[in-house]
Amino acid sequence: MNQKVVGIGEALWDVFPEGKKLGGAPANFAFHASQFGLDALAVSAVGEDSLGRETLDEFDQKGLHYVMPRVDFPTGTVQVTVDEMGVPSYDIKTDVAWDNIPFTDEIKAVAKQCRAVCFGSLAQRNSISRQTIRKFVEMMPKDSLKIFDVNLRQNFYSKEIICDSLKICNVLKINDEELITLGRIFGYSGLDIENKCWLILGKYDLNMLVLTCGVNGSYVFTHGSMSFQKTPQVKVADTVGAGDSFTGSFCAAILRGMSVPEAHQLAVDVSAYVCTQDGAMPPLPKKFTDRVD
């Protein structure tokens, strides 16, 4: 269990009307994977500013390991507004530290020990971080999990970024709205949800495709089989980080040898719990973490 599980990409502060909370999909993923006993860490960059110091202090307090070079750009922030249903919308600031993640010797060493990584499209909006992410994935052992969590935000994606990411991953994580966007980009608009997923799975030779559909359940497609789980009905506090908790717990369960349906059920239960909590990184009760022992 000494190999690394990594979330690489954006590290930022979600700024809500009532205050700010540390977030960013890669850090959320790593935090939740670490709760299942995995050696997980977040890889990103922070600025030479007070928010950068606060970021590292917060990770230290949460016990989350990280590799985060300090760079000459401000630490990332996102203005978040949450509607009456608990669904967030984002205003993501540009030209920030996580747009400029350097490929350091320390990050290279982590890549060579990495048994699973999760990366998205958002952190690839700038060429510097995009190159670092690509180099990281290329340096990983061949039998590792390479999870592309599409994570479309605002206009920070392109057909080229999505295509190139699909070619280097072996697991795709996507939600139903993102699948519609991909269908439009790739000309799959005439197909239903399941056929789109089967087509993408085969075309890019993926090991797995994970599709989340909010209250309408979720799917995991593998070659020759499909797992479906209903979404539990819970009282939603906010949905920030719920998808990342799904991915982190699913990844942890697969690495620990659980079957796809078992890992899928755990991921559904964890993400539903996270929806009942404020913020993206709540501690998980033992009733969840004990299930992977």
Side-chain angles (χ1 to χ4, degrees), residues 7 9-32 42 44-47 49-52 54-55 57-59 62 64 73-99 118-126 129 149-158 161-162 173-182 184 211-216 218 231-248 270-283:
E10 62 272 18
L12 48 83
W13 288 86
D14 292 319
V15 183
F16 297 85
E18 67 274 13
K20 68 182 189 300
K21 293 174 182 173
L22 187 59
N28 297 339
F29 165 85
F31 175 77
H32 287 291
S44 187
V46 293
D49 51 21
S50 59
L51 267 186
E54 205 171 337
T55 301
D57 288 345
E58 182 99 356
F59 285 146
K62 291 181 178 296
L64 177 61
F73 294 85
T75 300
T77 57
V78 179
Q79 295 296 136
V80 183
T81 55
V82 181
D83 68 17
E84 63 275 8
M85 299 298 291
V87 178
S89 59
Y90 308 90
D91 178 17
I92 305 168
K93 304 306 179 184
T94 56
D95 299 318
V96 293
W98 58 262
D99 285 316
C118 185
F119 65 98
S121 53
L122 178 57
Q124 297 185 68
R125 67 182 181 177
N126 181 283
S129 290
D149 187 351
V150 180
N151 200 21
L152 303 182
R153 292 287 184 266
Q154 293 174 212
N155 62 337
F156 300 128
Y157 61 90
S158 68
I161 287 172
I162 294 170
K173 163 81 180 334
I174 191 168
N175 66 35
D176 50 350
E177 293 181 357
E178 293 164 342
L179 184 64
I180 291 170
T181 301
L182 257 65
R184 186 167 61 249
L211 172 67
T212 58
C213 302
V215 297
N216 296 316
S218 57
T231 300
Q233 291 187 336
V234 296
K235 184 177 180 181
V236 174
D238 70 58
T239 62
V240 178
D244 305 322
S245 71
F246 184 112
T247 313
V270 167
S271 61
Y273 172 78
V274 170
C275 285
T276 69
Q277 306 298 300
D278 290 323
M281 298 186 191

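The figures here come from the full heavy-atom set of this structure, side chains too, leaving out hydrogens, waters and symmetry mates. Not measured: the values here are computed from a predicted model.
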Quiz item: With a 4.5 Å limit on heavy-atom distance, are the side chains of Val46 and Thr55 in contact?
Solution: yes
Quiz item: When rounded to the nearest 0.5 angstrom, what is the spacing between CG in Leu152 and CG in Asn175?
Solution: 7.5 Å
Practice problem: Start with the C-alpha distance between Asp244 and Asn28, add both sets of side-chain angles, then the distance that settles side chain to side chain donor-acceptor pair (under 3.5 Å), and finish with yes or no. | Solution: CA-CA 6 Å; Asp244 305 322; Asn28 297 339; 2.9 Å; yes
Quiz item: For Asn216 and Thr231, what are the C-alpha separation, side-chain angles and deciding distance, and is it a side-chain contact (heavy atoms from CB on, under 4.5 Å)?
Solution: CA-CA 6 Å; Asn216 296 316; Thr231 300; over 6 Å; no
Self-check item: Nearest atoms (heavy-atom pairs only) where Thr247 meets Cys118
Solution: CG2-SG, 4.1 Å
Quiz item: Who pairs with Ser271 by side-chain hydrogen bond (donor to acceptor under 3.5 Å, both in side chains), at least two apart in sequence or on another chain?
Solution: none
Quiz prompt | Contacts of type salt bridge (charged side-chain N to carboxylate O under 4.0 Å, His left out), residue Arg153, not counting sequence neighbours | solution = none
Exercise. Output yes when a side-chain donor or acceptor of Ser44 lies under 3.5 Å from a complementary backbone atom of Trp98, and no otherwise.
Key: no
Practice problem: List the atom of Leu51, the atom of Trp13, and the distance in Å for their closest heavy-atom pair. | Solution: O-NE1, 3.5 Å
Side-chain donor-acceptor pairs under 3.5 Å in residues 276-283, sequence neighbours left out?
residue	atom	partner	partner atom	Å
Thr276	OG1	Tyr273	O	2.5

Quiz prompt | side-chain contact (heavy atoms from CB on, under 4.5 Å) between Val270 and Phe246, intermediate numbers included | solution = CA-CA 6 Å; Val270 167; Phe246 184 112; over 6 Å; no
Quiz item: What distance separates Gln124 CD from Tyr157 OH, expressed to the nearest 0.5 Å?
Solution: 14.5 Å
Self-check item: Asp176: partners by side-chain hydrogen bond (donor to acceptor under 3.5 Å, both in side chains), with sequence neighbours left out
Solution: none
Quiz item: What is the minimum heavy-atom distance between Pro26 and Gly7, and which atoms define it?
Solution: CB-C, 3.4 Å
Quiz item: CZ of Phe29 to OG of Ser245: how many Å apart, nearest 0.5 Å?
Solution: 11.5 Å
Exercise. Applying side-chain contact (heavy atoms from CB on, under 4.5 Å), name anything that partners Ser129, two or more places apart in sequence or on another chain.
Key: Ile101
Self-check item: Residue pairs involving residues 81-92 (criterion salt bridge (Lys or Arg N to Asp or Glu O under 4.0 Å); sequence neighbours excluded)
Solution: Asp91-Lys93
Self-check item: Listed partners of Thr81 passing side-chain contact (heavy atoms from CB on, under 4.5 Å), at least two apart
Solution: Ser89
Exercise. Using a 4.5 Å cut-off on heavy atoms from C-beta on, say whether the side chain of Ile92 contacts that of Gln79.
Key: no
Exercise. Using side-chain contact (heavy atoms from CB on, under 4.5 Å) as the criterion, list what pairs up with Thr239, not counting sequence neighbours.
Key: Pro88, Val236, Cys275
Exercise. Quick one: do Thr75 and Asp49 satisfy side-chain contact (heavy atoms from CB on, under 4.5 Å)? Show the steps, please.
Key: CA-CA 7 Å; Thr75 300; Asp49 51 21; 2.7 Å; yes
Practice problem: Could you tell me which non-hydrogen atom of Glu58 sits nearest to which non-hydrogen atom of Leu22, and how far apart they are? | Solution: CG-CD2, 3.4 Å
Self-check item: Minimum heavy-atom distance between Asp95 and Arg125, given as atom pair plus value
Solution: N-NH2, 4.3 Å
Practice problem: Mind listing the closest non-hydrogen atom pair of Ala42 and Ala27 along with its distance? | Solution: CB-CA, 4.0 Å
Quiz item: Would the number of heavy atoms belonging to other residues, nucleotides or ligands and lying under 6.0 Å from CD of Glu177 be above 12?
Solution: no
Quiz item: If you look only at pairs with a residue in residues 12-30, which of them pass as a salt bridge (Lys or Arg N to Asp or Glu O under 4.0 Å), with sequence neighbours excluded?
Solution: Lys20-Glu54
Exercise. In sequence, state the C-alpha distance, the side-chain angles, and the governing distance for Leu182 and Ile174, and then conclude on side-chain contact (heavy atoms from CB on, under 4.5 Å).
Key: CA-CA 10 Å; Leu182 257 65; Ile174 191 168; 3.7 Å; yes
Quiz prompt | Residues that Phe73 engages under ring-ring contact (aromatic ring centres under 6.0 Å, His included), provided they are two or more places apart | solution = none
Exercise. Answer whether the closest heavy-atom distance between the side chains of Leu211 and Leu179 falls below 4.5 Å.
Key: yes
Self-check item: Partners passing side-chain contact (heavy atoms from CB on, under 4.5 Å) against Ser50 (at least two apart in sequence or in another chain)
Solution: Arg53
Exercise. Please confirm whether the backbone N or O of Val150 pairs with a side-chain atom of Ser121, one donor and one acceptor, at under 3.5 Å?
Key: yes
Quiz prompt | Set of residues satisfying side-chain hydrogen bond (donor to acceptor under 3.5 Å, both in side chains) with respect to Glu10, sequence neighbours excluded | solution = Asn151
